[in-house]
Structures are given as C-alpha cells and as structure tokens.
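Worth knowing before you read on, the calculation uses all heavy atoms, side chains too, and leaves out hydrogens, waters and symmetry mates. One-based numbering along the sequence shown. Because the structure is a prediction, the values reported are computed rather than measured. Counting starts at 1 for both ligands and their atoms, in listed order.
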Amino acid sequence: MRIFSGIRASGDKTLGNYSGGYRQYAATQEQGDAVFCIVDLHSITTAYEPEGLHEATLAGAAMLFATGIDPERSIVFCQSHVQAHAEAAWLLSSVTSFGELRRMTQFKDKSADQEFVSAGLFTYPVLMAGDILLYQTDIVPVGDDQRQHVELTRDIAERFNGRYGDTFTVPKGVYPDEGARIKNLQEPERLMSTSAGNPQGVIRIVDEPDVIRKKFKTAVTDSEREVRHDPDAKPGISNLIEIMSVVAGESPAAIEARYDNSGYGQFKEDVGEAVVTLFAPIQERYRELRADEEGLRRLLGTGAEKARAASAPTLEIMVERMGFVRP
Ligand code: AMP
Ligand code: TRP
C-alpha cells in the first residue's frame, strides 16, 4: 500500500500538526510504502520571506525525522527537488474546473486576510492533487481541514481516468478518530494554527516545557465544572479532552470517567504535563537533527532521488495519454 502526505514548510509546527499529521505519519509508516513531502512550493502561495522558507524547510525535515519517520523505510523529500510536481500541477489544472477551486473553503479563509491574493493560492489544491496522484497513492493521512482537498483530488483522478484512460489510483483520505481538529486553547472555536489566532492558545512542538504548562493552565474553559465532551456547549473542555485522548491514547469516555468530579484545575494541569512528557524526546531529537544541516541535506538528497524514481513513470503516462509528442 502506498501512503502519501505533505506538510507545509511554514511557521513552527503545532500540537494540531502533531495530532492530525506527524502522529498519523509515524503510524501509517508501519502499513506500507510511505512518502512524506515537505511542500515548499505550497509555502510561497501566501506572503513569506525567502530566508524564512529556507529555515522552515530544514525545520520541517527535522521534525518529520524527530517524530519517528525512518529515512531508511520511508521516502522523505522536498517538493521543489522533484520537478514532476510542478509539471503535474499544470497538466492537472486542465481537468480541474474554476468552479471547483472557487468552492474551496481554505482558499476563502486564507484569501480573506491577504492583502495580495496570489493565483497560486487559488490553484494550490491542484498542486496538492498532483503531489498525491504522482505516487499512485492509496491513502492520505491528514487532519480534517484537508478533507475538501482530498475529495477534490479524488474527483480530479476520476475525471482524468475517464477522459484519458485509467492512469491514477483514486486515493482515500485517512483522518484520526480523535484530534483531527485541534482548536486554539484561547479561542476554541478556531483551529490551532500559527498563522492566525491568539498565540497564547497555540502549542508549538518546540515550546519550552514551562511555556506549554502555562498555556494549558490559562486555557479557556466554561463556567461549569464537569469534564464532559460536548463540543457545542463546552468547546474549550472538549478540546482539552481530545488533546488528552491523543496524547494518552485513551478514549474521551475514559478521560471523562477519570476526571469525574475533580474540577478543571487538575485536569488542565494534567493535560499540560502529558503534552510536556510527550514532546520532551521529540524536542531533543529535533534539536540534534536541526543542528546537523549537512546531515539533513544528505537525507533530503536521497529522498529526492527516490521520489523522482517513484513519480517519473506516472508523469510519463500522463504526458503520453494527453497526446504530447515525446522527444
Ligand atoms: P500544514 O502545516 O498546514 O501543512 O498541516 C500539516 C498537517 O497537519 C495536515 O495534515 C493538516 O491537516 C494537519 N493539521 C494542521 N492543523 C491542525 C489542527 N489544528 N488539528 C489537526 N490537524 C491539523
Ligand atoms: N495542503 C496541505 C496542508 O495545508 C499540505 C499538502 C500539500 C498535502 N500537498 C499534500 C497534504 C499532499 C497531503 C497530501 O496541510
């Protein structure tokens, strides 16, 4: 089975990325041939600094390895190192409609707070579809915010297959049962993300232990005192229950039972401590990996070679089926 996922090279990665992304990547790696891509071509669709992109790309690679991706077993590479991605995006843009792209909620959300809305931000889902389809992917582990993009990828694959003959595996999105939408601890109606929202409510994987503890201690809750999972009535507490569920590997029901009658203070403290414990070894590995830039580049170089070899046959079939003359 082929597994593919992509993670943007931007900002510091969060507990949300861990929950919807890294945690699943490491788990799915056990199930087949996994390919993980640092999608730097996606990172330039909104305002960015070139030096920042450079740093974020290396940090993104280090975080994949630090959270358990094994470079011997899985392919880890940087999107801009494999030209097939940009080419596939152009070819696939002709089987994607303007109307489909216009319906993407991530485009609507992201374009709303940009002064300059790039054409790349609009066509971003086509690039993502190419990322996935080039590898004949069976499953795509992602957080819930990517569901619409994965569905569009399936539609694009089916349309291409219908028009030009069977070319692509039609991939399935895989979303975690718990923790597919981790919210900002200060604004539990909003997804946890470094690009928007109160930073005090965003847990970065690289945050110092005391910073993590403090952010949990000050997390917004409600005026009751019952630790109960009810996202509509109790969004703050429900988010904390989901986080605890992800970190401790326990069901929300088991967590509710454990904190029956104990009030919010102890619960918030325990969730914070559990996250600190989970992140401590990841932070240590991350620092070591990040300090060895040569080593990271070497790993990315090997990953790019493997990714080129894995994607080339599909791109070749696409080009042939679409009627281009080959040299
Ligand atoms: P990004 O950093 O936006 O490329 O996201 C990488 C992965 O993390 C994607 O699979 C996202 O769906 C996932 N992700 C991002 N934010 C969250 C969140 N708040 N909760 C759960 N998953 C998330
Ligand atoms: N769009 C994804 C995000 O914002 C990142 C991404 C790019 C991706 N290409 C992908 C995810 C391919 C899964 C598969 O998080």
Side-chain angles (χ1 to χ4, degrees), residues 2-28 34-46 56-57 59-60 63-64 67 75 77-80 82 85-86 88-89 92 104-107 109-110 120-121 123-135 137-154 156-157 171-185 187-197 201-205 231 235 239 242-243 245-247 307 311:
R2 178 45 70 74
I3 299 133
F4 184 99
S5 197
I7 185 153
R8 275 178 308 136
S10 57
D12 283 322
K13 294 304 170 187
T14 69
L15 175 60
N17 293 128
Y18 175 80
S19 179
Y22 299 111
R23 176 175 66 112
Q24 288 209 88
Y25 309 156
T28 51
V35 182
F36 301 108
C37 179
I38 299 141
V39 294
D40 52 355
L41 296 175
H42 285 269
S43 308
I44 63 169
T45 55
T46 49
T57 303
M63 193 54 87
L64 279 170
T67 50
I75 301 179
F77 73 105
C78 187
Q79 191 181 29
S80 66
V82 180
H85 290 255
L92 293 175
M104 295 293 120
T105 54
Q106 192 173 69
F107 172 74
D109 293 346
K110 287 201 173 176
L121 186 63
T123 56
Y124 173 115
V126 187
L127 180 60
M128 173 162 165
D131 298 340
I132 297 168
L133 299 178
L134 275 174
Y135 296 87
T137 300
D138 298 292
I139 65 166
V140 185
V142 277
D144 214 47
D145 62 315
Q146 297 302 315
R147 198 179 278 270
Q148 208 185 14
H149 292 160
V150 175
E151 289 307 310
L152 175 65
T153 301
R154 291 167 56 84
I156 293 174
K172 282 196 184 61
V174 173
Y175 312 92
D177 290 336
E178 304 299 336
R181 298 187 80 79
I182 298 292
K183 308 293 187 350
N184 184 303
L185 303 188
E187 299 171 80
E189 61 291 341
R190 180 196 272 278
L191 219 53
M192 183 182 286
S193 156
T194 46
S195 57
V202 178
I203 304 293
R204 295 147 68 242
I205 303 179
N239 189 38
E242 286 200 24
I243 292 172
S245 164
V246 164
V247 173
S311 57

State, to 0.1 Å, how close [X] and [Y] come at their nearest heavy-atom pair, and which atoms those are.
X    : Y    : answer
R8   : S43  : C-OG, 4.2 Å
L133 : A157 : CD2-CB, 3.8 Å
P141 : S5   : O-OG, 2.8 Å

Inset, instruction - Using the six-membered ring wherever Trp is involved, compare the ring planes of Y135 and F4 and label them parallel, tilted or perpendicular (cut-offs 30° and 60°). - result: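 Y135 vs F4 ring planes: parallel.
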With rounding to the nearest 0.5 Å, note down the distance linking [atom1] in [X] to [atom2] in [Y].
X    : Y    : atom1 : atom2 : result
I205 : L15  : CD1   : CG    : 7.5 Å
R2   : D138 : CZ    : CG    : 8.5 Å
Q106 : R147 : CD    : CZ    : 14.5 Å

Legend entry - Main-chain N/O of H85 paired with Q79 side-chain donor or acceptor, under 3.5 Å: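 Pair absent, no side-chain N/O of Q79 close to backbone of H85.
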Inset, instruction - Establish, from distance only, whether the side-chain atoms of D40 and S80 form a donor-acceptor pair under 3.5 Å. - result: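 Indeed, the side chains of D40 and S80 share at least one donor-acceptor pair under 3.5 Å.
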Could you pull out the N/O contacts under 3.5 angstrom between ligand 1 and the surrounding protein atoms?
{"from": "ligand 1", "atom 1": "2 (O)", "to": "K13", "atom 2": "NZ", "distance (Å)": "2.7"}
{"from": "ligand 1", "atom 1": "2 (O)", "to": "N17", "atom 2": "ND2", "distance (Å)": "3.1"}
{"from": "ligand 1", "atom 1": "3 (O)", "to": "R8", "atom 2": "NE", "distance (Å)": "3.2"}
{"from": "ligand 1", "atom 1": "3 (O)", "to": "R8", "atom 2": "NH2", "distance (Å)": "2.8"}
{"from": "ligand 1", "atom 1": "4 (O)", "to": "R8", "atom 2": "N", "distance (Å)": "2.8"}
{"from": "ligand 1", "atom 1": "5 (O)", "to": "N17", "atom 2": "ND2", "distance (Å)": "3.2"}
{"from": "ligand 1", "atom 1": "8 (O)", "to": "N17", "atom 2": "ND2", "distance (Å)": "3.1"}
{"from": "ligand 1", "atom 1": "10 (O)", "to": "G143", "atom 2": "N", "distance (Å)": "3.1"}
{"from": "ligand 1", "atom 1": "12 (O)", "to": "G143", "atom 2": "N", "distance (Å)": "2.9"}
{"from": "ligand 1", "atom 1": "12 (O)", "to": "D145", "atom 2": "OD1", "distance (Å)": "2.4"}
{"from": "ligand 1", "atom 1": "19 (N)", "to": "I182", "atom 2": "O", "distance (Å)": "2.9"}
{"from": "ligand 1", "atom 1": "19 (N)", "to": "M192", "atom 2": "O", "distance (Å)": "3.1"}
{"from": "ligand 1", "atom 1": "20 (N)", "to": "I182", "atom 2": "N", "distance (Å)": "2.9"}
{"from": "ligand 1", "atom 1": "22 (N)", "to": "G16", "atom 2": "O", "distance (Å)": "3.0"}

Write none if no such pair exists; otherwise list each N/O atom of ligand 2 with its protein N/O partner under 3.5 Å and the distance.
{"from": "ligand 2", "atom 1": "1 (N)", "to": "Y124", "atom 2": "OH", "distance (Å)": "2.8"}
{"from": "ligand 2", "atom 1": "1 (N)", "to": "Q146", "atom 2": "OE1", "distance (Å)": "3.0"}
{"from": "ligand 2", "atom 1": "4 (O)", "to": "R8", "atom 2": "NE", "distance (Å)": "3.4"}
{"from": "ligand 2", "atom 1": "4 (O)", "to": "Y124", "atom 2": "OH", "distance (Å)": "2.8"}
{"from": "ligand 2", "atom 1": "4 (O)", "to": "Q146", "atom 2": "NE2", "distance (Å)": "3.2"}
{"from": "ligand 2", "atom 1": "9 (N)", "to": "D131", "atom 2": "OD2", "distance (Å)": "2.7"}
{"from": "ligand 2", "atom 1": "15 (O)", "to": "Q146", "atom 2": "NE2", "distance (Å)": "3.3"}

